[in-house]
Amino acid sequence: MALWKKVQCLPTETLNSLYPPTFPIEVRHYLASWLEEQPWDDLDLMDPTTEGKALILLSHIMNQLRRLAEHNHNIVERMRLQHIATNMTVYQMQPLQLVRAVQEILKRERSLLNQGNFPGLGVPGQLPQAASPALSPAPSPLPAPSTAGGKQGDDRERHRAIDRLALRVGEIQNCRKEIHHLQESMNWEKQNYDSLQAQAIQNSMLDQNLPESCNNLQNRIQQDEFKSQAFAEKRIQLIQEAVHTLEQTQQQVELHIQSWKRQQHLSTIGAPFSDNLSSLQNCCEQLLTINIQLNQEMIIAGRESGAEPFREQQEKLALLLKTLIQSALLVDKQPPQVIKTQSKFSTTVRFLLGERMNSGKPAVVKAQIITESQARNLAQPGSLTENVGELINNSAILDHNGSTKSTSSTFRNMSIKRIKRADRKGSESVTEEKFALLFSSEINITGCDTAYNIQVISFPIVVIVHGSQDNNALATILWDCAFSEMDRIPFVVPDRVSWQQMCDTLNTKFMSEVQTPRRLDNDNFRFLAQKIFDEPDISGDFQNRMVSWSQFNKEVLPGRGFTFWQWFDGVMELTKRHLKNYWTDRLIFGFIGKQYLHLLLQQSEDGTFLLRFSDSEIGGITIAYVTTTDTGSRQILNIQPFTKKDLEIRSLGDRIQDITFIQFVYPNRAKNEAFNKYYTVMPNKNNGYLQATIHTKVAGEQSSSRMGNGGGAPSTPSPLHSDLDHQTQMNLQTPFNTARPFNPPAFNREPISSRMGNGGLSSAPSPLPSETPMEPATQMNLAQINDIFFTHPGQFQHPFVNPMLFNQLPYPGGPQQDGLMQNNPPMQGVLEPFPEQGQAGAHYHLDLPPPTDWEFVELLGGDTSRMDTDNFQLPQ
């Protein structure tokens with residue numbers, strides 16, 4: 001940071017000119033120490049491995065800016081830092097431009113400091129007022145990649161280099177023309193000189209001017225020979241320089257092709273990617289033309305000199321041409337990286353030099369499947385003798401499209417009929433075995449005498465035979481994509497990566513898969529680290545930890561039956577299908593452990609809740625809420641997780657609306673305000689049917705006026721089975737409150753037909769008036785029972801009575817003699833109404849114990865909220 005302390009003392013105008021819009025002064029200020037500690041000057045832009053290092057440095061810069069924004073209490077600074085972090089993504093397509101920009105900035109800073117003393121130099125200064133983030137104007141969008149340091153800037157630089165190379169070839173051609181012109185002139189002058197010489201011998205005494213003319217011709221011939229020699233030497237020098245420049249320019253183009261492939265590979269996990277190959281195709285076509293022209297010039301020069309001065313250059317040109325043609329074959333549309341046998345898939349191969357192909361002989365591209373070992377040994381003869389799989393529809397012609405000027409082969413209905421597995425070692429799974437598709441063809445280029453055998457391999461693929469293997473296969477592909485080097489040996493990946501790399505990968509994959517702009521935050525990463533490292537301490541520092549492949553997707557999580565990736569993938573799938581908008585609107589806290597959850601909710605108001613992804617179940621989201629027990633202690637409860645199947649039946653918003661005792665989204669936002677737009681409004685339909693609705697019922701709901709339900713919920717856990725904690729139930733309305741199963745008393749039958757005035761259907765259940773006298777009798781008439789439990793025949797209305805209780809009771813005559821019961825046997829879960837007098841089996845007598853006082857009060861609609869359960873006595 002010592003350099004930055006001095007730089008801050010430079011004049012404001014100088015500081016403003018130092019930092020481009022794509023690398024604003026805020027980045028230099030807030031990350032000063034970290035930037036000066038990195039080995040920027042040691043990064044060689046010509047080294048293919050530098051791009052991968054640049055991507056890592058870019059990721060660190062963006063993550064640090066986001067962390068600074070999250071912990072900055074100044075709203076203006078926080079917004080500015082978030083905006084800068086977002087716009088730094090312009091470097092993801094061309095990470096080398098970031099290295100170039102930082103190198104240039106540091107170089108100019110040192111240069112300015114070495115030029116002279118400025119006021120206050122050497123004394124720690126302050127960030128210039130004009131550049132202070134707190135006083136900056138509203139964030140303005142950073143330039144798109146088309147500006148300097150972006151993709152189009154690189155394209156222009158490459159095209160300028162190729163244009164300069166083309167001018168150099170033009171100079172070589174001009175030298176050849178000058179040499180040819182001088183040679184013709186010398187031939188003519190030599191002919192005249194010989195003629196004058198002959199005349200001078202014959203007429204030496206007659207014409208005294210002949211010797212002088214001969215001398216003049218001889219001088220001109222010597223001058224032309226000198227000029228011709230100079231042009232020949234210049235041509236040799238130009239050719240050597242042109243070959244060297246061509247080699248460097250082609251290396252840059254090939255590096256860009258490799259970068260394009262790497263970006264295509266990273267797009268598998270959601271990184272931004274532009275598949276436009278027009279600029280690369282233009283560069284390749286120009287390089288091919290220059291190569292052929294240079295080769296022709298060397299052939300002509302060799303013929304004229306009668307020697308072979310360009311043998312070395314010609315060999316180099318031939319190698320460059322072969323490399324260029326090989327590099328021009330690309331897999332434009334990659335096949336799926338997880339392929340199931342006997343299933344169809346498509347892929348496209350493109351040749352960037354298609355317009356220079358010999359049109360008289362169409363090229364055919366053939367595909368075959370190869371193992372990882374075969375991919376490593378492609379350069380060795382006989383490496384492909386073993387056939388490891390059979391492909392269907394594995395050949396296609398390279399077709400040229402005149403409108404798009406592209407030449408490609410599309411395999412539309414390819415499939416893997418069978419696959420031969422290699423011997424596995426140790427605990428290696430079939431979903432860890434990598435294959436690839438090898439595309440090969442024989443190409444004839446116009447202007448070239450030989451045919452070129454070219455080939456390209458696809459990204460690694462995992463072949464599966466059953467859908468259950470898909471998840472583990474995706475883990476293999478994700479690890480290969482995220483952590484492989486650009487110029488690796490196929491398909492080598494590290495066994496361990498840094499936790500920071502893992503965080504970046506999980507975040508990119510999550511945002512891409514869910515299609516959301518909201519990224520994972522530090523709290524989410526902390527919980528993910530606790531889970532993968534099995535360390536529940538929320539204060540742990542995981543930044544310098546390493547994550548192994550085994551921890552990622554081989555070892556099951558402690559106490560669970562699944563791996564970290566299987567669990568994380570389930571969360572992504574659930575969020576993508578049912579929770580995308582909730583997540584984007586920040587209504588879901590997401591990845592949070594129970595320890596940290598208790599710290600957040602412990603001091604919150606009763607009924608405060610948050611949504612978190614279940615850590616015990618794949619693809620589940622649960623509601624955690626805080627409440628106060630009867631003893632006054634604080635309690636954090638978690639509702640059984642909702643899975644994809646649950647949310648397909650009833651949405652998360654409607655379920656939250658159903659649960660009345662949760663009222664505030666953490667920290668203190670009203671539930672209805674936050675989730676109102678996710679509530680389903682039931683349309684009013686007048687189609688002759690009574691509407692039925694589905695509601696969420698939570699076992700163990702606690703009654704509390706503090707939780708906003710007016711004390712209407714049962715105060716003790718309902719007898720619903722634990723498996724029904726969140727299952728949807730029909731909207732069963734009861735005419736009274738109850739907290740325990742009702743034991744029906746003995747009763748006498750009374751006719752109820754006089755009270756059924758709508759064709760045998762009761763209107764609607766209503767609770768008995770609270771002033772109804774409560775009699776301690778142990779018998780109840782049949783009409784009261786029917787009136788309480790049924791709104792319509794065959795529809796039971798109380799959820800706490802076991803329906804099978806009445807179905808299994810003995811009665812006179814039995815079901816065999818009961819025509820009604822015989823014709824309409826009761827279904828499980830439905831209580832049939834008791835028959836009227838005069839019907840078979842009308843007399844029922846239940847030898848059951850009498851109801852308790854508590855049950856009797858609640859049965860008749862009395863108020864039990866103030867009852868003393870130990871000393872209550874019925875009024876006499």
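Excluded from the calculations below are hydrogen atoms, water molecules and symmetry mates; all remaining heavy atoms, backbone and side chain alike, are included. Count residues from 1 along the sequence.
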Mark yes or no for whether Tyr666, through its side chain, and Phe589, through its backbone, hold a donor-acceptor pair below 3.5 Å.
-> no

Short N-O contact, Asp523 and Arg526, less than 4.0 angstrom | yes

Could you check if a side-chain atom of Trp549 sits within less than 4.5 angstrom of a side-chain atom of Glu432, using non-hydrogen atoms only?
-> yes

When you check the gap from the basic side-chain N to the acidic O, do Glu673 and Arg669 get nearer than 4.0 Å?
-> yes

Carboxylate-amine/guanidinium contact Arg650 Asp658, below 4.0 Å = yes

Going through the distances and angles, do Ile339 and Val462 end up as a side-chain contact (heavy atoms from CB on, under 4.5 Å)?
-> CA-CA 6 Å; Ile339 302 177; Val462 176; over 6 Å; no

Identify the two heavy atoms, one from Ile656 and one from Lys671, that lie closest to each other, and give their separation to 0.1 Å.
-> O-NZ, 3.0 Å

So does Lys53 pair up with Asp44, basic N to acidic O under 4.0 Å?
-> no

Would a 4.5 Å heavy-atom cut-off, applied to side chains only, mark Ile25 and Leu18 as touching?
-> no

Quick check: does any side chain N or O of Thr268 sit under 3.5 Å from a backbone N or O of His265, one acting as donor and the other as acceptor?
-> yes

Answer yes when Arg66 and Asp521 have at least one side-chain N-carboxylate O distance shorter than 4.0 Å, and no when they do not.
-> no

Please report the shortest heavy-atom distance between Gln515 and Ser512, naming the atom on each side.
-> NE2-O, 2.5 Å

Is it true that the NZ or CZ of Arg28 lies under 6.0 Å from the centre of Phe23's six-membered ring and within 45 degrees of the ring axis?
-> no

Donor-acceptor contact present, side-chain Arg496 to main-chain Val547, <3.5 Å | no

Minimal heavy-atom distance between Tyr91 and Leu98, with the atoms involved, is CD2-N, 3.6 Å

Tested for ring-ring contact (aromatic ring centres under 6.0 Å, His included) against Phe591, the lone hit among Phe564, Phe613, Phe525 is Phe613

Quick one: are Val556 and Phe562 in side-chain contact, heavy atoms under 4.5 Å?
-> no

Do the side chain of Lys434 and the main chain of Phe491 share a donor and acceptor less than 3.5 angstrom apart?
-> yes

Polar side-chain atom of Thr608 near backbone of Ser604 as donor-acceptor pair, under 3.5 Å | no

Answer yes or no: is there a side-chain heavy-atom contact under 4.5 Å between Leu610 and Leu601?
-> yes

Look at Glu573 together with Lys576 and state whether they make a salt bridge at an N to O cut-off of under 4.0 Å.
-> yes

Electrostatic pair Asp470:Lys340 at N-O distance under 4.0 angstrom | no

Validation row: Trp499, Leu528 side chains within 4.5 angstrom (heavy atoms) | yes

Lys/Arg N to Asp/Glu carboxylate O, Asp585 vs Lys677, below 4.0 Å = yes

Do side-chain atoms of Trp4 reach the backbone of Leu31 as a donor and acceptor pair under 3.5 angstrom?
-> no

Residues Glu648 and Arg577 bridged, charged N to O under 4.0 Å | no

Audit row: Phe510, Trp583, ring-ring contact (aromatic ring centres under 6.0 Å, His included) steps and yes/no | CA-CA 11 Å; Phe510 188 90; Trp583 172 264; 5.1 Å; yes

Would you find a donor on one side and an acceptor on the other, under 3.5 Å apart, between the side chain of Asp480 and the backbone of Thr476?
-> no

